[in-house]
Every structure is written in structure tokens, then in C-alpha cells.
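Numbers restart at 1 for each chain; the letters A, B, ... are given by sequence-line order, proteins then strands. Every value quoted in this text rests on a predicted model; they were computed, and no experiment measured them.
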Amino acid sequence: MTDRFFISTAISYPNGKPHLGHAYELMAADAIARFMRLDGHDVFFLTGTDEHGLKMIQTAEREGVAVQALADRNSEAFRAMGRALGATNDDFIRTTEPRHYAASQAIWRRMAANGDIYLSTYKGWYSVRDEAFFDEEELTQGEGGKRLAPTGAPVEWVEEESYFFRLSAYQQKLLDLYAAHPDFIGPETRRNEVISFVSRGLHDLSISRNTFTWGVPVPDDPRHVMYVWVDALTNYITACGFPDEAAARWPYWPAGLHLVGKDIVRFHAVIWPAILMSAGLPVPRRVFAHGFLFNRGEKMSKSLGNVLDPLAMAEHYGQDAFRYFFLREIPFGQDGSYSHEAIVARLNADLANDLGNLAQRSLSMVAKNCAGRVPAKGPFSAEDEALLAAAYALPGEARAAMGDFALHAILAATWKLVADTNRYFAAQAPWALRKTDPARMETVLWVTAEVLRVIGLLTQPFMPLAAGKLLDLLAVPAGARLFAHAAAVFAIAPGTVLPEPSALFPRYVEDREGEGA
RNA sequence: GGCAGUGUAGCUCAGCUGGUUAGAGCGUGGCACUCAUAAUGCCAAGGUCGGCGGUUCGAGCCCGCCCACUGCUACCA
């Protein structure tokens, strides 16, 4: 049975360089993608850039470059970030690609054929300065009865021809969808918000613009380009080969998960499924929203000067530590806070001291006392059995946590096992057994190595480099690194020659005052 | 304003359908050990579970009121 799993990040708007928020979403998605692959699923992992729209035009003008050149340059910066983070996306979609034009126009035609698209006028109070429309109630009265935006900017009444999507017709169908699939939107709090939003009623959606041309032309009406909704969201099926339903990747649709920021859940949980229903296509299985990151509890902003470059951070702390920190520290789905001190604390305590040192202390004993081979195992004590049972239970716990995308919980459970193993090692004191009962010492070392093997397997999605190195140190063959191998039948074989042990994670030592990110 | 949610040790958070002395990690204090990356282990201190009232044999978990905080209340990706 083929068990396909398509996971996507939102596509990023490349009118600037990638920031930590982009990195966080990509790291999380990558961890999920790797997890699912290791758990035996056929995964298609997509990320990319959303390159159309007015902001791109304006940024390009400001910088004095062609829009396409700006898109090319910044899109490449997002790809570079992916490489720096170890992202294993199978494709990188750009909305300026021909395949995306084809898909967007095809889905538009299907929506139109279904009677859900009509031409009308988009009207409202527009503030040129804010580049935004405002509701009547939001406006305030200025001098001489002039209407002002909440920002104090003057507004003018604008009417503009636009195509509309009959979103209002999908209210009940969406509510039915949410009711039939309680985990369609996660976490719970987002689901409540979306349901409450949709319950209040839906307006039709303006889905084209005729004031600029940087976009996908509307079929049969080249005066219009598609506005963000249809254009951006369609990327997910573009990458699956739409409209060619015989394409190699089409079987990956519908997506198993759209991972998005909490600010754009609605687009993915309301507009997107409505568009798909209109086009007669299956809707994604799940949409999950992650939270925002705060620097020492403060929002990142250019004016505060606390915007950090994710590439520099990954370089500074190391790719694994960088990934580990954000996925372990923040309950996935909630907002989180980070600081240099917090990252260093996690890096040293969890990675260097707990896991790194556990591997070092046990494997160096194996190297010195077992001729560098996996030790022999004798009869198991109750302690041995208990620890091994805890290890072999880990994949199941991890899988259960992944059901809610509780990445932090998977890592917490894994580090609980690391701590148990350190306790076990200290209690068994193999260094003392060396003189009194060498056979028992070997058994203790074998059990420790076997648990490390399981830990190595389960940490691969989160810190691929270090986990790979740990498995190398245990001489685990490349073909035996799936979660399915985290079981007794695949236990590490006594006598196997092991490489010379070496440190997994260096301790982070402050270079000087004020150093760090 | 309306709707939803949160408030548990210094910090970040667990606490299942209400049931013996409320937990974890980090941080703090002390001890032990020496295999190990000055790593690890053990012990301890520390909480009126936001406040008040109620239901109950019994409430952090249920109900009411109050206080504080957060999110949503559509065309910005």
C-alpha cells in the first residue's frame, strides 16, 4: 500500500530576505517531512516563493531593478536558507513559472465553469498612503468632515472592476467540512477562530486586479491579473502537476498537511478549500498553524534592531542546534520566545551534556574495554529490560505525538529517555564492573549502545547531521535507519567493529562579552 | 462591544472523565562519583494551583461573579 504524504510550507513573499519566521516554518516542515519518510511514508515536501503583486513591483522600483530580477534574486535567497537549514524539500515552486500560470488559469476556468466567478466592481474607502481598504466603521472624521483611516491618512472612495469568487456560497459546505473533519484545522484555538469566522457569514472575494500587470493573466480577459488568493494558493496543486491529473505527482494530492503561520490560517482553511470545492478538487487533509517567534519576548522589528538573520544563526550555533532549539523549546503551535542565552542553555544542557556526553562516556568505554567492538550481551537484569522497553516504546510515543504535530513533545519524550539512560549508566557503574564483573560491564555497555541506536534513529528528523553521526559511531548501516528498525529484532549486533568515538556536540563557550546573536 | 482562550514552583510548561503528601525540565543550595565534553547521579529548598463565593464526602480540575492577559472580528503576503 502506498501511503503518500504531501507537506507544504506557505510560499514566502520575496520582497525581502528571509527572516527567522520563514526559517522556523521551514525547519518544522522539514522535521515533519523527514519524520514521515523515516516512518515509511512516501513524502512530497514543497516550499517556494509567491512572487506576484503590487509590493514586489514597488520594492523593485525602489531598488531600481526589474521585478523579475528582484524575484530571481530573493527567491534564490530563500533557496539558500533552505540549504543552510538542511531542508529536504523535493521541489521549490515559484509562482512566476510557466507551470504555475498553466495551473492557475486551469483552476480559474474550472471555478468559472462552475458558475462561481463573476465580474463586478470592487469598491471601498481606500487609503493611498496605507495601500489598504478600510471599512466604513473603521473610519474617523477629520477636519471639515473628511474621512480618515485609523492611521490618520485620508481615504478616497474607489471603484474598480474586479472578478469575484462566490465564496459566500461555500459557508455551509465549509462548516460541514470542519464538522466532518475535526482535525482539519489545528491547533484547536485556530479551529475555533475559523469556525466562528465562517459562522458569521462570508462575503464574495475579489480575485483579480486591473491596476497592475505583474501577475497571472485572467483567462479570456487580459486586462486583469489574478489577485493573490487564487494565484498563491494554487501553488500547491501546481507542484502536483495540475491540471495534468496523469502527472507523476498528482497522486500526492490532496495534501496531508499545509503548514502555515497563524496569520494566514484563514486563507488556507477557508478560501483555499472553497476554491478547491468550486473546482471540483479534493481539499487538503489538514492545515496546521504554528506560532510566532519573539526575541526576548519582544516582536521582531527593524526599528528595534532585533531582526536576526537565520543563516548567520544556523552558522553560529550549528544547523542541528539551531533546529533543535526552536523545535524543542517552543510547544509547536504556540508563540515562542528565544534568546542567545536560551539557545546556549539548550545546546549545552540537552545536546552537549545529556546526549553528547552519554554517547562519549559509553562509547569511549567500549573503545577502551571491548576492543572497539559492540560488546557481548549477557542475561538482562530488570533494569536492562526496563530501559530497553522504554527505548522500544519511543517510536510509538513519537508517532502519537506527531498525530498532533507536537514536535516538542517528541523531543521531550526522547530526552526523557536520554536522561533515563544517564541514570541507568550511573546506577550500573560499568567502570566499577570492569574490575568485578567484566561480562556484566559488557551487557551494560551493550544496552546503552542499543538505546543510543534508538535515540539516534528518532532524532534524525530534528538534527539530521548529529543523528547521522551518532548512527555512524554505532556502525548502523544506511539501510537500517528507519523507525521500523527501532526494535529489538534489529538490535545492534555484538562484535560489530565501531569507529573511533568522537564528540557529537561541542560545548558552546562564550568567546567574549556581547558575543552571539 | 461580541466570540474564543489563557492565568499552576524564580523561568518554560504537564496535570486524563474531580479522589491519598500538586509534577517535569531549566535555574538555585548541598552531597556523591570519576567512565565521560568541569560532563553525570543523588538529596533539598521553593507553589494561598489569578481572586471571591458555591456545588460535592472530596476541586487545580465543575458552576457563578470579579481581576489580568491573549487571539479572532476578511481582501497585507
Side-chain angles (χ1 to χ4, degrees), chain A residues 10-16 49-56 95 122 124 126 130-135 137 162 164-165 167 187-207 209 227-229 231-233 260-267 270-271 289 291-292 297 328-331 334-337 341-342 345-346 348-369 408-409 412 415-416 418-419 421-434 441 444-445 448 501-509:
Chain A
I11 47 176
S12 306
Y13 202 64
N15 66 337
T49 43
D50 168 26
E51 309 181 1
H52 291 131
L54 190 56
K55 288 252 167 68
M56 285 294 285
T95 55
Y122 184 57
Y126 184 77
D130 300 316
E131 298 163 22
F133 283 88
F134 294 96
D135 277 346
E137 326 60 280
S162 171
F164 282 78
F165 169 49
L167 181 62
E188 190 82 27
T189 174
R190 300 298 156 222
R191 171 182 151 80
N192 291 344
E193 286 177 6
V194 169
I195 290 176
S196 122
F197 172 79
V198 174
S199 299
R200 277 191 289 266
L202 297 171
H203 303 157
D204 288 348
L205 196 66
S206 165
I207 54 170
R209 290 291 119 107
Y227 192 48
V228 58
W229 315 122
D231 180 351
L233 292 165
V260 300
K262 65 179 186 180
D263 52 336
I264 57 171
V265 233
R266 184 188 310 145
F267 309 147
V270 179
I271 297 175
F292 290 159
R328 170 65 185 88
E329 180 88 358
I330 303 165
Q334 296 183 26
D335 290 346
S337 191
E341 291 72 19
R346 281 284 178 200
N348 284 341
D350 294 6
L351 301 185
N353 297 349
D354 287 351
L355 178 55
N357 185 58
L358 172 63
Q360 187 77 349
R361 70 196 300 208
S362 55
L363 293 177
S364 72
M365 279 201 75
V366 170
K368 289 173 190 162
N369 303 299
H408 61 290
W415 258 259
K416 166 75 164 56
V418 171
T421 310
N422 267 316
R423 265 189 287 279
Y424 165 86
F425 202 80
Q428 300 304 312
W431 55 91
L433 294 169
R434 185 177 52 185
M441 174 200 74
V444 170
L445 293 176
T448 305
S502 71
L504 227 44
F505 303 99
R507 261 185 85 76
Y508 184 99
V509 181

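- When each of B:G2, B:U40, B:U34 is scored by its nearest atom to the side-chain atoms of A:N422, the top-ranked nucleotide is B:U40.
- The side chain of A:K262 places no N or O atom within less than 4.0 Å of a non-bridging phosphate oxygen (OP1 or OP2) of B:C72.
- Between the side chain of A:N357 and the base of B:A39, no donor-acceptor pair of N or O atoms lies under 3.5 Å.
- Taking every side-chain heavy atom of A:L167 into account, B:A74 is the closest of B:A36, B:A74, B:C42.
- A:R346 has its side chain out of reach of A:L351: every pair of non-hydrogen atoms, C-beta onward, lies at least 4.5 Å apart.
- When distances are taken from the side chain of A:F197 to each of B:U37, B:A74, B:U40, the shortest belongs to B:A74.
- Contact annotation: A:Q334 side-chain N/O to B:A14 OP1/OP2 distance is under 4.0 Å.
- Inter-residue side-chain proximity for A:D263 and A:F292 is flagged as met; some heavy-atom pair is nearer than 4.5 Å.
- One P atom belongs to B:G71, the other to B:G15, and the distance between them is 23 Å to the nearest Å.
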Symbol by symbol from the 5' end, with Watson-Crick or G-U pairs under 3.5 Å, [ ] crossing and | another strand, RNA chain B is (((((((..((((.....[...)))).(((((.......))))).....(((((..]....))))))))))))....

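- Across the protein-nucleic acid pair, A:L351 atom CG and B:G25 atom C1' stand 14 Å apart, rounded to whole Å.
- Residue contacts shown for A:R507 include a base, since a base heavy atom lies under 4.0 Å away.
- The side chain of A:W229 approaches B:C75 more closely than any other nucleotide in the set B:C75, B:U34, B:A36.
- Judged by distance alone, with hydrogens and angles left aside, the side-chain atoms of A:N15 form no donor-acceptor pair with the main-chain N or O of A:M56 at under 3.5 Å.
- B:U28 and B:G46 have their C1' atoms separated by 9 Å, given to the nearest Å.
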